2 protein chains.
Amino acid sequence: MILTKIATADSVSAELRIKIAAHKVFLAKGFAATTVRDVAKEARTNVASVNYYFRTKKNLFNVIMTEKAQQILGALGPVLGNERTTLDQKIDSIVNCYLDFLLANPDLPMLILNEVKKKNFEFISGAQINKLLLQSNFLKQLKAVNGTLDPVQFFITMVGMILFPFVAKPVILQTGLVKEKDFQSMIQERRALVPVWVKVMLKTRQKR
Amino acid sequence: MILTKIATADSVSAELRIKIAAHKVFLAKGFAATTVRDVAKEARTNVASVNYYFRTKKNLFNVIMTEKAQQILGALGPVLGNERTTLDQKIDSIVNCYLDFLLANPDLPMLILNEVKKKNFEFISGAQINKLLLQSNFLKQLKAVNGTLDPVQFFITMVGMILFPFVAKPVILQTGLVKEKDFQSMIQERRALVPVWVKVMLKTRQKR
DNA sequence: GTCTATAACCTGATAGAC
DNA sequence: GTCTATCAGGTTATAGAC
């Protein structure tokens with residue numbers, strides 16, 4: 001990220017340097033394993049100034065994470081709500097949009113899953129998911145195309161197809177199934193694979 | 001788990017009580033967030049005796065995790081290697097076998113992913129995956145049925161379909177898409193759904 | 001706004017009595 | 001084998017000089 005280079009320069013305010021540093025360290029090590037000292041060091045300042053700007057470690061974390069959540073939800077919202085695209089076009093867009101974001105933030109899924117589990121962070125509320133997904137054009141089109149398919153099961157599976165490789169990356173690399181240098185191109189292949197698989201899921205009718 | 005009730009009884013040796021307690025606390029809180037004091041308290045003993053039996057916290061963790069890894073790999077190995085079952089039968093078995101294990105150990109996937117990432121634990125070696133998967137009857141049958149499908153992409157996707165709901169459980173519950181009381185039945189539904197989806201993936205040929 | 005120094009606390013590990 | 005007491009080190013957060 002180019003921002004990192006700019007933000008670690010002396011010309012940038014301490015507050016912003018701390019934010020960039022916190023983003024980097026939290027994503028790399030998670031909330032618990034990150035110390036305020038790590039962040040201070042990365043921002044080339046000291047423990048006291050971090051607490052001066054952000055009061056507590058937890059508050060700093062919430063500031064960073066809320067921005068990230070809005071970033072991805074803000075990108076997906078318009079895609080799901082679009083009234084001019086077909087369902088197939090939406091699937092292509094969701095996969096591409098999500099993968100772009102994940103390639104830029106490969107460690108974010110694990111961080112979110114961990115911190116939501118530990119109740120350190122609320123990623124998305126019921127009200128938000130209602131507006132974003134349940135009342136979306138995407139869901140209407142989905143029901144029209146296949147009335148026997150449970151939308152929740154479908155949605156979990158589709159998101160899993162996109163997210164899972166990032167979440168499982170450490171294990172995938174450890175097994176040697178994919179090499180570190182090939183991971184990105186493996187993900188790029190999925191840009192084509194996942195939409196195909198999602199579309200055949202849609203054509204598959206469940207027994208009742 | 002019935003073992004827990006037995007093992008927390010006074011009649012059971014301190015060593016076993018500590019093991020059961022460690023299993024419970026590590027799975028609930030992860031490695032870093034677990035303190036030796038937590039484990040000692042859960043096992044109704046003290047810090048010194050935990051270190052007496054297992055020397056270090058890390059060693060105790062490895063003992064627990066190695067047992068778990070062998071448990072799941074030992075269950076999947078025979079299924080993948082079986083020479084008398086068809087590919088479709090194997091897919092049904094893998095899904096059922098995996099889901100049974102995960103329903104009994106719902107927190108294990110996140111724990112493994114986290115600790116492999118932090119290099120606290122080696123879940124599976126390249127040699128093991130080679131023997132278990134790459135040289136298995138499962139892979140031979142897979143290649144025979146669909147030569148255009150990348151086995152690695154296929155495998156990641158199938159495992160993701162099974163594992164992802166457990167990994168994403170906290171977020172799924174927080175969104176309200178599934179209620180806590182309905183989570184188990186949602187998973188049970190996937191026993192039927194996932195094999196169907198996996199089989200249509202197999203029938204879908206890639207462009208070259 | 002920035003920094004040093006320190007308070008108050010929690011951690012894993014161990015020494016040593018029983 | 002089991003326990004109490006304690007150590008050495010690392011943590012967040014803050015007080016107070018500049």
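Quantities reported herein were computed from a predicted structural model and do not represent experimental measurements. So you know, we letter chains A, B, ... as the sequences are listed, proteins then strands, and number each from 1.
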Between [X] ([atom1]) and [N] ([atom2]), how many Å, whole number?
| X | N | atom1 | atom2 | answer |
| --- | --- | --- | --- | --- |
| N59(B) | dT14(C) | CG | C1' | 16 Å |
| L60(A) | dA13(D) | CG | P | 10 Å |
| R17(B) | dT2(D) | CZ | P | 8 Å |
| Y53(B) | dA13(C) | OH | P | 18 Å |
| D38(B) | dC10(C) | CG | P | 12 Å |
| K41(A) | dG10(D) | NZ | P | 13 Å |
| E15(A) | dG1(C) | CD | C1' | 11 Å |
| N51(B) | dT11(C) | CG | C1' | 11 Å |

Problem set entry | Phosphate-side-chain proximity, T45(B) and dT2(D), N/O vs OP1/OP2 below 4.0 Å | no

For this session: Ignoring backbone atoms, test whether N46(A) places a side-chain nitrogen or oxygen under 4.0 Å from the OP1 or OP2 oxygen of dC3(C).
Result: yes

Problem set entry | Donor-acceptor side-chain pairing of K90(A) and T85(A) below 3.5 angstrom | yes

For this session: Quick one: label T35(B) by what it contacts on the DNA or RNA (base, sugar-phosphate, nothing), any heavy atom closer than 4.0 Å.
Result: sugar-phosphate

For this session: Report which part of the nucleic acid Y52(A) touches: base, sugar-phosphate, or nothing (heavy-atom distance under 4.0 Å, all strands).
Result: base

Identify which nucleotide among [options] has an atom closest to any side-chain atom of [X], counting heavy atoms from C-beta outward.
| X | options | result |
| --- | --- | --- |
| A48(A) | dA13(D), dT14(C), dC3(C) | dC3(C) |
| K57(B) | dA15(D), dG12(C), dA13(D) | dG12(C) |
| R37(B) | dA15(D), dG12(C), dT2(D) | dG12(C) |

For this session: Flag this pair as yes if the NZ/CZ of K118(B) is under 6.0 angstrom from the six-membered ring centre of F31(B) and inside a 45 degree cone about the axis; otherwise no.
Result: no

Exercise. Does NZ or CZ of K169(B) fall inside the cone over F183(B)'s six-membered ring, less than 6.0 Å from its centre and within 45° of the axis?
Worked result: yes

Problem set entry | N105(B) side chain to F101(B) backbone, donor-acceptor under 3.5 Å | yes

For this session: Map V47(B) and T34(A) onto DNA chain D by nearest heavy atom, then report which one ends up closer to the 5' terminus.
Result: V47(B)

Problem set entry | Heavy atoms from other residues, nucleotides or ligands near CD of Q71(A) exceed 12 (cutoff 6.0 Å) | yes

